[in-house]
Amino acid sequence: MAAAPGFTERDEPPEEDEPPAAPPDGPHPVDRLPTPGRLLATGFQHVAASYAGVVAPPLVIGAYVGLSPAELAFLVGASLFTAGFATLLQTVGFWKVGVRLPFVNGVSFAGVAPMLAIADAQHDKRDALPIVYGAVMVAGALGFLLAPWFCKLVRFFPPVVSGTVITLIGLTLLPVSFGWIQGGHPERAAPPVNLALAGATLLIVLVLRRLLKGFGRQIAILLGLVAGTLVALPAGAVDTSALHHAHAVGFPTPFHFGPPQFTVPAIVSMCVVMLVCMTESTADMLALGEIVGRRADEKAIAAGLRADTLGSAVSPLFNGFANSAFAQNIGLVAITGVRSRFTVAAAGLMFVLLGLSPAFASLIAVVPQPVLGGAGIVLFGTVAASGINVLLTAGLERGDNLLIAATSLGVGLIPVVSRTFYATSAIPETLKVILNSGVSAGCLTAVVLNLAFHHTGIRRTVRGG
């Protein structure tokens with residue numbers, strides 16, 4: 001399949017300090033190893049873009065079960081460590097494990113609600129973590145075994161489906177950046193200071209992207225985050241308290257919260273979450289394949305799903321949770337044009353080191369949320385735009401394809417617009433896990449409608465009658 005227009009094949013001539021295009025017999029840009037300086041800078045940019053997403057789930061879960069500040073810091077470090085391990089599995093890989101694309105893996109937010117429900121079922125919520133870990137291990141192992149069959153769903157992802165899903169990925173991520181601008185309180189109005197910081201960061205990123213050339217242009221997001229943080233200093237919006245209590249070195253002791261426990265309800269719940277994560281990862285791999293110009297086929301998706309599920313199965317050993325693809329980094333690849341998987345492998349190694357050094361992890365946490373939100377508008381909007389590019393090749397002038405895209409986008413945006421839309425006891429909790437994921441709900445809708453309109457004899461029978 002041709003690369004998505006405007007992303008992997010630039011409309012403008014290559015800049016003088018960008019690497020030349022690979023010769024026919026040369027390595028694909030995905031497999032090129034950048035110079036050490038570029039590797040560190042572009043890798044750190046991926047860390048900065050995904051750090052908040054990695055630490056948010058453990059912060060929510062840890063606070064909910066009543067962990068102390070020291071234990072909460074330990075849980076965050078463990079999540080950083082396991083996210084780095086899972087990212088290395090995806091980018092470097094071994095045997096038939098790893099999609100070998102610039103793909104960041106981190107803690108999936110899809111599992112947060114079921115994990116909180118598991119905690120609610122315990123007399124002491126602190127007892128929930130070993131049960132969660134046992135369920136994640138089983139779900140990860142089962143997902144690993146399912147990967148060779150699950151990957152065959154790629155045949156049901158023509159441009160009308162993949163373009164719709166990629167667009168949904170971007171649209172469902174945009175509220176995350178808005179929430180950051182609102183200081184983590186989406187139900188409240190954004191404070192004027194936050195709006196100013198987000199606007200300043202967004203403006204800085206756009207100006208840098210317009211004025212800089214070559215490598216400077218590629219790391220415009222990172223430079224924007226640094227500049228935005230410096231702007232936030234005189235406004236008193238930079239919180240450095242985490243630096244004062246963080247240890248220089250720390251290792252996520254295996255089974256720190258107790259040995260895993262295996263209960264059927266928790267396992268069933270996390271297996272549903274794993275299927276949701278595998279669906280989203282499949283869509284993300286298709287999106288990233290379009291952007292970097294290396295289409296993700298069944299073999300690649302199977303390898304990527306094995307990395308996802310193996311990383312999830314191993315994570316509880318080091319007190320981590322289920323891992324899945326991070327779509328925000330797909331936007332970073334699209335906007336920077338840096339397609340080397342080794343830049344993200346470097347980010348994975350940095351995550352591992354951050355997990356081993358809480359002090360350095362806290363340093364990245366200094367970036368204010370409004371600054372992240374301002375940069376996030378560019379990142380997540382770019383993902384949505386790349387999906388629209390794919391939809392342009394889907395033949396929307398055909399009524400069927402337009403109907404598929406329109407309906408799927410509508411269904412996928414329901415949980416984005418209203419988080420309480422499915423909050424009724426009439427809907428089983430396991431089904432809510434799917435419905436409350438806009439990407440999963442929209443993806444399944446697009447696949448089913450595409451099958452109904454293009455892979456059955458229903459229309460032919462109706463016309464014949």
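These values consider heavy atoms only, across backbone and side chains, with no hydrogens, waters or symmetry-generated copies.
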Which value, rounded to the nearest 0.5 Å, describes the distance between [X] atom [atom1] and [Y] atom [atom2]?
| X | Y | atom1 | atom2 | answer |
| --- | --- | --- | --- | --- |
| Ile131 | Ile267 | CD1 | CD1 | 10.5 Å |
| Leu33 | Thr343 | CG | OG1 | 10.0 Å |
| Ile388 | Thr164 | CD1 | OG1 | 10.5 Å |
| Tyr133 | Met270 | OH | CE | 11.5 Å |
| Gln45 | Leu40 | CD | CG | 13.0 Å |
| Thr253 | His256 | OG1 | NE2 | 6.5 Å |

If you take all heavy atoms of [X] and [Y], which pair is closest and at what distance?
| X | Y | answer |
| --- | --- | --- |
| Ala235 | Val193 | CB-CG1, 4.2 Å |
| Ala322 | Met274 | CB-CE, 4.2 Å |
| Ala190 | Gln182 | CB-CG, 3.9 Å |
| Pro148 | Arg306 | CG-NH2, 3.6 Å |
| Pro368 | Val238 | CG-CG2, 4.0 Å |
| Leu75 | Pro58 | CD2-O, 3.4 Å |

Walk me through whether Leu129 and Phe321 qualify under side chain to side chain contact (heavy atoms under 4.5 Å, CB included). CA-CA 10 Å; Leu129 287 179; Phe321 302 103; 4.1 Å; yes
Kindly determine whether Phe178 and Leu174 satisfy side chain to side chain contact (heavy atoms under 4.5 Å, CB included), including the steps that lead there. CA-CA 6 Å; Phe178 304 152; Leu174 278 170; 4.0 Å; yes
Name of the residue among Thr82, Val54, Asn105, Leu88 meeting side chain to side chain contact (heavy atoms under 4.5 Å, CB included) with Phe351: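 So, applying the side chain to side chain contact (heavy atoms under 4.5 Å, CB included) to Phe351 and each of Thr82, Val54, Asn105, Leu88, only Val54 qualifies.
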Checking side chain to side chain contact (heavy atoms under 4.5 Å, CB included) between Met285 and each of Ile330, Asp297, Leu305, which is the one that passes?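 Exactly one pass, corresponding to Leu305.
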Tell me whether [X] contacts the main-chain N or O of [Y] through its side chain, where contact means a donor paired with an acceptor under 3.5 Å.
| X | Y | result |
| --- | --- | --- |
| Ser79 | Gly320 | no |
| Thr201 | Gly228 | no |
| Arg339 | Val292 | yes |

Quick one: do Thr282 and Phe150 satisfy side chain to side chain contact (heavy atoms under 4.5 Å, CB included)? Show the steps, please. CA-CA 9 Å; Thr282 299; Phe150 199 91; 3.7 Å; yes
Partner residues of Phe85 under the ring-ring contact (aromatic ring centres under 6.0 Å, His included) criterion, sequence neighbours left out: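 With neighbours one apart ignored, the set is empty.
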Please enumerate all residues that pass ring-ring contact (aromatic ring centres under 6.0 Å, His included) together with Phe81, with sequence neighbours excluded.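 If we apply the ring-ring contact (aromatic ring centres under 6.0 Å, His included) test to Phe81, skipping adjacent residues, the hits are Phe251, Phe318.
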Whether Phe74 and Phe257 hold their rings parallel, tilted or perpendicular, with breakpoints at 30° and 60°: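 It falls in the perpendicular class, over 60°.
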Under 3.5 Å, is there a donor-acceptor pair linking the side chains of Ser281 and Asp308?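 Note: Ser281 and Asp308 side chains meet the donor-acceptor criterion.
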Side chains of Gln261 and Asp127 only: does a donor on one sit below 3.5 Å from an acceptor on the other?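 Side chains of Gln261 and Asp127: no pair found under 3.5 Å.
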Start with the C-alpha gap between His46 and Val333, add the side-chain angles, then the distance that decides, and say whether side chain to side chain contact (heavy atoms under 4.5 Å, CB included) holds. CA-CA 9 Å; His46 277 282; Val333 173; 3.8 Å; yes
Pairing of Asp31 and Arg294 as salt bridge, 4.0 angstrom limit: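 Answer for the salt bridge query: yes.
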Restricting to side-chain contact (heavy atoms from CB on, under 4.5 Å), what partner residues turn up for Ala198, sequence neighbours left out?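 By the side-chain contact (heavy atoms from CB on, under 4.5 Å) rule, Ala198 matches Ile181.
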